[in-house]
Amino acid sequence: MRFDVFVVWGLLLVLAAAWASQTPSDMLPEAVPVTPVAHALQESGYFRETVDTEALQVRYRQARQESGFLFTEAREVGQFASVIGVVRAEAAQGPVRVLVVPGHDDIYVGAQYKMLREVDLTRELAARIANELAADEGFTVVLAATDEGFVPALETFLDAEEEVIEAFIEEHKLLTTVLEPVLDITSDKNVEHNDAAAPVVRTLYGINLFANEQQFDIVLHVHFNDYPGRPAKKPGKYEGFAVYTPSLQYSNGRASLRLARHLHQALATVQTPSTLPAEGAGIIESKELIATGAFNTLQPAAVLVEYGFIYEPEIAGKSRSQTFAAMAEQTVRALQTFLTTKE
């Protein structure tokens, strides 16, 4: 949605608010609370749910029943990039489209422990996950970045659409900021996030816009955890994984939470849930994380998984390959159960 559309939506909100109190409550989308403002939002469409899980399940089931679909034989990371050009043509049919995003880059490398950089770990694990997903005919997979950086189509988009991305950010910030006081949007106030540098912020919002325009169904961000104050060369006192989801009020909130529950259940079979007190719930609902759609900027279901703390022996040590294999297997299993069960 471009910035000039905001004027039209603003008028819709004003008109809808005028008769909101007379709109029957059964017309409300599930993601919005039953309030007069919610009726106005129903008319504006701003917080309308964007993920039809049942439709995704039908597509997944049908794609698995068909033979010879795109990427059923894919095994090498380099093959994933070429799928981006055909995603839009298959928007309403075909396999479920998944964008796997390794966290960080070679400039903003993320957490560090001794010689380890988070970006290297996320790329390694994300590649494993993408390969596992590509072996399932029910998915079409795009790996957003490799050791060489972003795949060409995404890098081109981020470079060529800087002004569009900036307008996209400002529009959603304005709309959400105006509306959220009456929506009781949940905030993860107990979780301390590092402030992202301006280029990182723009890149993350750009990935959101890219995922929307390319009509992906699921976005999975791969990260490894750390906490403030830990000496860079010493292991810390916390361990385990955590799954972050967008605010339940956002358009992708309900589907993302459902996916997060499957991920948490699957990963708990091979890892310990995070012992960091702020992550004690295991699944953390956040309105602030750009990766999962801050300011309602993401239409697909989205989760950010902290797969463990960077210094944990299973991650930093010699058994990493075996650990990552188990993580990837359980991640794929979670996506499969998300698309084959009613819960």
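The hydrophobic cluster containing Leu158 also contains Ile107, counting ILVMFWY residues as joined when their side-chain heavy atoms lie under 4.5 angstrom apart, directly or transitively. In the hydrophobic cluster analysis, where Ile, Leu, Val, Met, Phe, Trp and Tyr join through side-chain heavy atoms closer than 4.5 angstrom, Leu116 is grouped together with Met327. Val270 and Ile310 end up in different hydrophobic clusters when Ile, Leu, Val, Met, Phe, Trp and Tyr side chains are linked at under 4.5 Å. Both Leu204 and Val201 are assigned to one and the same hydrophobic cluster, defined by single-linkage of ILVMFWY side chains at heavy-atom distances under 4.5 Å. In terms of hydrophobic clustering, with Ile, Leu, Val, Met, Phe, Trp and Tyr side chains grouped at heavy-atom distances under 4.5 Å, Val119 and Val101 are assigned to different clusters.
Applying side-chain hydrogen bond (donor to acceptor under 3.5 Å, both in side chains) to Asn208 and the options Thr203, Thr297, Asn296 leaves one that passes, Thr297. When each of Val305, Leu304, Ile129, Leu121 is paired with Val222, the side chain to side chain contact (heavy atoms under 4.5 Å, CB included) condition holds for Ile129 and for no other. Only one option out of Glu288, Glu279, Glu306, Glu285 pairs with Tyr244 in a side-chain hydrogen bond (donor to acceptor under 3.5 Å, both in side chains); it is Glu279.
To the nearest 0.5 Å, atom OH of residue Tyr238 and atom CZ of residue Arg230 are 12.5 Å apart. Atom CG in Leu289 sits 9.5 Å away from atom CD1 in Ile284 (nearest 0.5 Å). In this structure, CD on Gln330 lies 10.0 Å from CD on Gln265, to the nearest 0.5 angstrom. One finds the CG atom of Leu339 at 8.0 Å from the OG1 atom of Thr337 (value rounded to the nearest 0.5 Å). With values rounded to the nearest 0.5 angstrom, Arg64 atom CZ is found 4.0 Å from Asp136 atom CG. The CD1 atom of Ile207 lies 11.0 Å from the CZ atom of Phe216; values are rounded to the nearest 0.5 Å.
Checked for salt-bridge contact, Arg123 and Asp106 meet the test: a charged N lies under 4.0 Å from a carboxylate O.
The two residues Ile218 and Pro300 make their nearest non-hydrogen contact at N-CB, 4.0 Å. Nearest heavy atom pair, residue Tyr108 against residue Pro199, reads OH-CG, 3.5 Å. Minimum heavy-atom separation, Tyr227 to Lys237: OH-N, 3.2 Å. Heavy-atom minimum distance, Ala211 versus Val219: CB-CG2, 3.9 Å. Across all non-hydrogen atoms, the minimal contact from Pro102 to Ala145 is CG-O, 3.5 Å. In this structure, Ala242 and Ser274 approach most closely via the heavy-atom pair CB-CB, 4.2 Å.
With contacts defined as side-chain heavy-atom distances shorter than 4.5 Å, the pair Tyr250/Phe47 qualifies. Annotation: side chain of Gln215 is not in contact with side chain of Gln299 (no heavy-atom distance under 4.5 Å). Phe295 has its side chain within reach of Thr177: a pair of non-hydrogen atoms, C-beta onward, lies under 4.5 Å apart. Residues Asp217 and Val51 have side chains not in contact (no heavy-atom distance under 4.5 Å, counting atoms from C-beta outward). Residues Leu56 and Arg59 form a side-chain contact, since some pair of their non-hydrogen atoms from C-beta on lies under 4.5 Å apart.
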*Verify side-chain contact (heavy atoms from CB on, under 4.5 Å) between Arg97 and Gln214, making sure each step is shown before the conclusion.*
CA-CA 9 Å; Arg97 297 175 298 279; Gln214 292 292 320; over 6 Å; no

*asked:* Does Val303 form a side-chain contact (heavy atoms from CB on, under 4.5 Å) with His221? I'd like the steps, not just the answer.
replied: CA-CA 6 Å; Val303 291; His221 284 262; over 6 Å; no

*What's the verdict on side-chain contact (heavy atoms from CB on, under 4.5 Å) for Glu161 and Phe168, showing C-alpha distance, side-chain angles and the deciding distance?*
CA-CA 10 Å; Glu161 302 291 352; Phe168 172 74; over 6 Å; no

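Glu239 contributes no side-chain N or O that, together with a main-chain N or O of Phe309, makes up a donor-acceptor pair within less than 3.5 Å. Side chain of Thr140 to main chain of Pro95: no donor-acceptor pair is present (N/O by atom type, distance under 3.5 Å, no hydrogens or angles).
Side chains of Ser321 and Arg128: a donor on one and an acceptor on the other come within 3.5 Å. Side-chain atoms of Glu314 and Thr323 form no donor-acceptor pair, as typed in the model, at a separation below 3.5 Å. Judged by distance alone, the side chains of Tyr113 and Asp226 never bring a donor and an acceptor atom under 3.5 Å apart. Using a 3.5 Å distance cut-off with no hydrogens or angles, the side chains of Tyr205 and Glu166 do not pair a donor with an acceptor. Between the side chains of Tyr307 and Thr331, at least one donor N or O sits under 3.5 Å from an acceptor N or O.
With ring centers used as reference points, Phe139 lies under 6.0 Å from Tyr60.
Sparse packing is recorded around CZ of Arg333, with 12 or fewer heavy atoms of other residues, nucleotides or ligands lying under 6.0 Å away.
The stretch residues 261-293 participates, sequence neighbours left out, in these ring-ring contact (aromatic ring centres under 6.0 Å, His included) pairs: Phe241-His264.
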